[in-house]
Enquirer: 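Before I ask anything, here is the structure I am working with.
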2 protein chains.
Amino acid sequence: MAEPNRSKDRLALSALGLFAERGFVGTSIRDIAKATGLSISNIYHHFGNKEGLLLAILKTASERLLHELQEASNQPGTPIERFKRLVQTHLQLSRGLRKEAKIFFLDEEHLSPEGYRANLKYQREILDLYREHLLALQEAGEVNFKSPTIAAFNILGVVNWHLRWYRPEGQMSFEETSREVTEFILHGISRVREP
Amino acid sequence: MAEPNRSKDRLALSALGLFAERGFVGTSIRDIAKATGLSISNIYHHFGNKEGLLLAILKTASERLLHELQEASNQPGTPIERFKRLVQTHLQLSRGLRKEAKIFFLDEEHLSPEGYRANLKYQREILDLYREHLLALQEAGEVNFKSPTIAAFNILGVVNWHLRWYRPEGQMSFEETSREVTEFILHGISRVREP
DNA sequence: TTCTAGATCGATCGATTGATCTAGTGTGAA
DNA sequence: TTCACACTAGATCAATCGATCGATCTAGAA
């Protein structure tokens with residue numbers, strides 16, 4: 001084996017692009033095979049079945065996202081500084097994981113029960129990371145929200161929605177939108193002081 | 001014709017449930033026909049093709065949502081009162097349009113170019129409604145955001161995400177989560193006054 | 001050199017897909 | 001009564017689906 005896992009990686013990469021573009025159900029295994037120049041059989045050999053290919057993609061992306069978010073937010077600083085770093089890193093990473101995120105949110109209903117559970121687990125880990133930070137902020141006082149869970153959902157909504165509407169080819173730069181989105185979130189969880 | 005549009009409505013209703021559950025591509029016209037007890041031909045007679053059925057569902061729901069949001073937010077009050085009413089009505093309506101909203105966001109990539117454009121138009125109308133209110137708030141002063149457009153996207157992210165994570169069978173009541181979500185949004189756009 | 005495991009191939013399977021065609025119904029206007 | 005038309009059913013179409021098959025190739029162990 002001169003190039004270990006070469007075919008496997010090529011298949012996963014092609015599938016990522018096609019799934020993101022046409023959806024899981026909208027992409028056939030023949031499309032994927034044709035895009036790589038390989039035969040259909042390779043998909044079954046390397047991933048078991050079509051869903052195995054999807055799950056492999058989601059697993060890789062999810063683990064990378066969670067790991068990098070943990071690393072970025074675990075650096076020293078005040079709770080608010082660490083939280084801000086978490087949000088900004090999340091926005092930044094999502095930008096690079098556009099396709100993976102699209103698959104993540106769009107194709108979950110086409111998964112088997114086991115696949116769905118695995119997918120849900122990844123989402124819950126991100127949610128829990130936010131909850132921990134929000135709990136720390138709550139204990140430090142000066143926050144608006146009552147429920148860290150709802151606040152975490154709200155933040156994920158804003159961050160993930162940014163992934164949906166932001167277009168690099170548009171007028172606004174990523175830095176500009178990222179700053180504005182972060183501000184919105186920080187104000188969203190902060191107590192407004194009456195003058 | 002004893003029951004005008006009876007079959008048409010039944011088809012649309014069955015399709016709504018199936019599309020929301022299994023997705024557009026994951027639902028066959030045979031599934032829809034079987035669910036209504038009618039034959040496949042009815043779908044083609046009433047809606048032209050499978051996509052026509054989907055577009056009819058989206059059109060009805062979108063027009064109703066936009067109309068009710070405009071009505072609710074056009075009632076008298078201060079800019080902030082009217083905006084708050086907009087958000088709360090949106091949350092309330094989304095609750096009743098769960099299935100339609102799911103289809104709306106999940107199946108847009110399976111549409112033809114014309115269908116995609118129509119879908120995009122509906123989304124833009126909602127966005128513009130928010131932008132108008134945010135612009136009024138900006139002119140009235142005391143807001144945090146620089147860009148009403150980004151602020152509108154952020155709000156839509158939070159509202160639409162609520163649709164995704166809220167489960168009626170869960171511990172938190174709709175009123176509870178709705179209040180918390182509205183608070184988050186109002187703080188998100190408000191200027192924080194330094195003490 | 002022989003044996004084995006993994007990788008890859010092309011052919012093919014039965015099932016299902018969206019769509020079309022033909023052949024009727026029933027109803028209301030002329 | 002006749003005619004036109006909206007509506008419906010059922011058979012059928014070509015295309016495509018995910019999956020599996022046996023065969024072949026290659027690299028390294030024994």
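Letters A, B, ... mirror the listed sequences (proteins, then strands); counts begin at 1.
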Enquirer: Is it the case that Lys59(A) places NZ or CZ above or below the six-membered ring of Tyr122(A), under 6.0 angstrom from the centre and within 45 degrees of the axis?
Expert: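 Not flagged: Lys59(A) not positioned over aromatic ring of Tyr122(A).
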
Enquirer: Does the pair Glu108(A)/Arg164(B) count as a salt bridge with the N-to-O cut at 4.0 Å?
Expert: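 Salt bridge between Glu108(A) and Arg164(B), a charged N being under 4.0 Å from a carboxylate O: yes.
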
Enquirer: Let me know the distance between CD1 of Ile40(A) and P of dT12(C), rounded to the nearest Å.
Expert: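 From Ile40(A) CD1 to dT12(C) P: 14 Å.
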
Enquirer: Any side-chain N or O of Ser28(A) below 4.0 angstrom from OP1/OP2 of dC17(D)?
Expert: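 Indeed, a polar side-chain atom of Ser28(A) lies that close.
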
Enquirer: Is the phosphate of dT8(C), meaning OP1 or OP2, less than 4.0 Å from a side-chain N or O of His45(A)?
Expert: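 Result: no.
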
Enquirer: Do any side-chain nitrogens or oxygens of Asn42(B) fall under 4.0 Å of OP1 or OP2 in dA9(D)?
Expert: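 Looking at the OP1 and OP2 atoms of dA9(D), one of them is under 4.0 Å from a side-chain N or O of Asn42(B).
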
Enquirer: Tell me, please, whether Tyr166(B) has Arg95(B) positioned over its six-membered ring: NZ or CZ under 6.0 Å from the ring centre and within 45 degrees of its axis?
Expert: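 That pair does not qualify as a cation-pi contact.
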
Enquirer: Would you mind reading off the distance between Ile43(B) atom CD1 and dT20(C) atom P, rounded to a whole angstrom?
Expert: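 Atom-to-atom, Ile43(B) to dT20(C), this comes out as 13 Å.
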
Enquirer: Using five base pairs at each end to define the local axes, how bent is the helix from dT1(C)-dA30(D) to dA30(C)-dT1(D), to the nearest 10°?
Expert: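 Angle reported: 0°, given to the nearest ten degrees.
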
Enquirer: Just compare dC7(D), dT20(D), dG18(C) and give me whichever is closest to any side-chain atom of Ile29(B).
Expert: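 That would be dG18(C).
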
Enquirer: Do the ring centers of Phe174(A) and His162(A) come within less than 6.0 Å of each other?
Expert: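 When the ring centroids of Phe174(A) and His162(A) are compared, they turn out to be within the sub-6.0 Å range.
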
Enquirer: Would you call Asp128(B) and Arg131(B) a salt bridge, taking side-chain N to carboxylate O under 4.0 Å as the test?
Expert: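 Between Arg131(B) and Asp128(B) there is a salt bridge, with a charged N closer than 4.0 Å to a carboxylate O.
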
Enquirer: Would you please confirm or rule out a distance under 4.0 Å between OP1 or OP2 of dA6(D) and any side-chain N or O of His46(B)?
Expert: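 For dA6(D), neither OP1 nor OP2 has a side-chain N or O of His46(B) closer than 4.0 Å.
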
Enquirer: Can Arg64(B) and Glu68(B) be counted as an ion pair, charged N to O under 4.0 angstrom?
Expert: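 Yes, Arg64(B) and Glu68(B) are salt-bridged.
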
Enquirer: Tell whether Ser7(A) reaches the base of dA7(C) with its side chain through a donor-acceptor pair below 3.5 angstrom.
Expert: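 Under the 3.5 Å cut-off, the side chain and the base do not form any donor-acceptor pair.
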
Enquirer: Which whole-number value in Å describes the distance from Ile32(A) CD1 to dG18(D) C1'?
Expert: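 So the two atoms are 11 Å apart, to the nearest Å.
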
